[in-house]
There are 2 protein chains.
Amino acid sequence: MYPVPRVSAEHLAARRRQIVEAARRCFLREGFHRTTMQDVIAEAGLSVGAVYRYFPSKADLINAIAEEAVGGAEEVLAGIARQEPPVPLIEALGRVLAYVETQAGDEGVLRIAIQVWGEAQRDPALATFVAGKYAGFRHHFEVLVRRAQRGGEIPADADAEAVAAALFALVPGWFLQLILTGAPDRDTYLAGVRALLGR
Amino acid sequence: MYPVPRVSAEHLAARRRQIVEAARRCFLREGFHRTTMQDVIAEAGLSVGAVYRYFPSKADLINAIAEEAVGGAEEVLAGIARQEPPVPLIEALGRVLAYVETQAGDEGVLRIAIQVWGEAQRDPALATFVAGKYAGFRHHFEVLVRRAQRGGEIPADADAEAVAAALFALVPGWFLQLILTGAPDRDTYLAGVRALLGR
DNA sequence: ACTCCTAAAACGAATGCTCGTTCTCTTATT
DNA sequence: AATAAGAGAACGAGCATTCGTTTTAGGAGT
């Protein structure tokens, strides 16, 4: 009853992270459904039993990774939206793209986001989670747009939500081109956006 | 030698299409790696042997579907780029989005494109194919931009390729929002783009 | 300080099932 | 008659997961 042999909470958290990061590497290499539990287990350097103690099924592991991949941009976006004085839209876009750039490499979490998009199409729970996250991202852009409207950068009578959608679209739109075609680089793209916006 | 018992070429093509369409339905439901060959075979109403006569492996089937999904927009885009008189950029975007809308539903091929993006990250051959296709799409936008520059719609000194990238980005950027969050609808989005462009 | 004890943590062989593919046989076509 | 087209049983590999066992951590009793 009393003897409670347990390992420290830090140790538990560290083990969990060890597994998640091994899984992330595997999923980056092979995708969700082509990596086997044995792959993850070997990558983590643990045993079957150890991994299954922390994640009762492969689906749980996928969920953990998916949340990490899709939620990662949250703080970045929130920070930009809340900053004083208000950030001009193009500069805000540039800062988001800078974040995307750091996470678009071979090790970056955003490559996993692409897989999450696919997975969300057949996993309703994941779809709900992703929908909430992305609507939240768009909402942060909406805040930025409203502030830009007060500053006269955008016509006051425009539909802020719609403008936010357009601005937001420029992020995954570039990300996909970068991942799939390798171009354009961020500065070139931003110059293109500026020219398109006529500013 | 001479007796060449063969079925008509039309019959062969029809069978092939029958299999491809069954596969498309399965892949839409379950994704590439969670649909089994048995699923496709049952959906097509054929036998194992029949399907394997037309597609020697599952990978071949995935490739066929991927090419269909990613290549589908080609003619639409080419048509708009080549039209006389030149189509204003916003109108061109609207027409592309109209096509996307038709293919974004539960049965539309574009939902498969998302899976192809994921697959391209670990299949070099598919990655090359997709890169070529998407660079081609962007090139069509570039043609449009150059013509818009001649018409004064876009500054003549802008980098047409970069502007094209920005314009192109607005397509998958909207598509993803639509698929993942269910919003905004096309007209709202286009109004947002117009307001953002300050036109 | 040093055992002993208990339960958590970790292990890994074994399991049962599913998958992609092969292969032999039957049917259809010219 | 000869061969392509189609059928479907069978196979071996690989999968996620289970479960009985071993190791480890750390408080209790001395």
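If you're wondering where the values come from, they're calculated on a predicted model, not measured in any experiment. So that the names make sense, note that chain A is the first sequence line, chain B the second, and so on, each numbered from 1.
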**Q** Under the side chain to side chain contact (heavy atoms under 4.5 Å, CB included) rule, collect the residues that match up with A/Asp159, sequence neighbours excluded.
**A**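 Residues passing side chain to side chain contact (heavy atoms under 4.5 Å, CB included) with A/Asp159: A/Glu161, A/Ala162, B/Thr188.
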
**Q** Mind listing the side-chain donor-acceptor pairs of residues 69-85 of chain B below 3.5 Å, one per line with the distance, residues two or more places apart or on another chain?
**A**
{"from": "B/Gln83", "atom 1": "OE1", "to": "B/Arg95", "atom 2": "NH1", "distance (Å)": "3.3"}
{"from": "B/Gln83", "atom 1": "OE1", "to": "B/Arg95", "atom 2": "NH2", "distance (Å)": "2.8"}
{"from": "B/Glu84", "atom 1": "OE1", "to": "B/Arg147", "atom 2": "NH2", "distance (Å)": "3.4"}
{"from": "B/Glu84", "atom 1": "OE2", "to": "B/Arg147", "atom 2": "NH2", "distance (Å)": "2.8"}

**Q** Would you say B/Tyr54 reaches D/dG6's phosphate, i.e. side-chain N/O to OP1/OP2 under 4.0 Å?
**A**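 Answer yes for this pair, as a side-chain N or O of B/Tyr54 is under 4.0 Å from OP1 or OP2.
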
**Q** Kindly state each residue pair satisfying salt bridge (charged side-chain N to carboxylate O under 4.0 Å, His left out) with at least one member in residues 171-192 of chain B, sequence neighbours excluded.
**A**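 Non-adjacent pairs meeting salt bridge (charged side-chain N to carboxylate O under 4.0 Å, His left out): B/Glu101-B/Arg186.
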
**Q** Could you state the atom-to-atom distance from CZ of A/Arg53 to C1' of C/dA7 in whole Å?
**A** 10 Å

**Q** In a table with atom names and distances, give each donor-acceptor pair under 3.5 Å that connects a side chain of residues 167-181 of chain B to protein atoms at least two apart or in another chain.
**A**
{"from": "B/Trp174", "atom 1": "NE1", "to": "B/Pro184", "atom 2": "O", "distance (Å)": "2.8"}
{"from": "B/Gln177", "atom 1": "OE1", "to": "A/Arg138", "atom 2": "NH1", "distance (Å)": "3.0"}
{"from": "B/Gln177", "atom 1": "NE2", "to": "A/Ala165", "atom 2": "O", "distance (Å)": "2.9"}
{"from": "B/Gln177", "atom 1": "NE2", "to": "B/Gly173", "atom 2": "O", "distance (Å)": "3.4"}
{"from": "B/Thr181", "atom 1": "OG1", "to": "A/Arg138", "atom 2": "NH1", "distance (Å)": "3.1"}
{"from": "B/Thr181", "atom 1": "OG1", "to": "A/Arg138", "atom 2": "NH2", "distance (Å)": "3.4"}
{"from": "B/Thr181", "atom 1": "OG1", "to": "B/Gln177", "atom 2": "O", "distance (Å)": "2.7"}
{"from": "B/Thr181", "atom 1": "OG1", "to": "B/Ala183", "atom 2": "N", "distance (Å)": "3.3"}
{"from": "B/Thr181", "atom 1": "OG1", "to": "B/Ala183", "atom 2": "O", "distance (Å)": "3.0"}

**Q** Which pairs pass ring-ring contact (aromatic ring centres under 6.0 Å, His included) with one or both residues in residues 10-29 of chain A, sequence neighbours excluded?
**A** A/Phe27-A/Phe32

**Q** Using a cut-off of 4.0 Å on non-hydrogen atoms, how would the nucleic acid contact of B/Phe55 be classed: base, sugar-phosphate, or nothing?
**A**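 Here B/Phe55 touches no strand at all.
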
**Q** So, using side chain to side chain contact (heavy atoms under 4.5 Å, CB included) as the criterion, who are the partners of A/Pro88 when residues are at least two apart?
**A** A/Glu91, A/Glu153

**Q** So if I take residues 56-66 of chain A and measure heavy-atom distances to DNA chain D, which residues fall below 4.0 Å?
**A**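 The stretch gives A/Ser57, A/Lys58 as the residues lying under 4.0 Å from the strand, ordered by number.
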
**Q** Strictly below 4.0 Å, heavy-atom distances to any atom of DNA chain C: list the hits from residues 11-47 of chain B, or just say none.
**A** B/Thr35, B/Thr36, B/Met37

**Q** Can you see which heavy atom on A/Asp123 is nearest to which on A/Asn63, and at what distance?
**A** OD2-OD1, 4.3 Å

**Q** What residues form a side chain to side chain contact (heavy atoms under 4.5 Å, CB included) with B/Ala160, not counting sequence neighbours?
**A** B/Glu142, B/Val145, B/Arg146, B/Gln149

**Q** Once you round it to whole Å, what is the distance between C1' of D/dC19 and OH of A/Tyr52?
**A**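 After rounding, the gap between these two atoms is 13 Å.
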
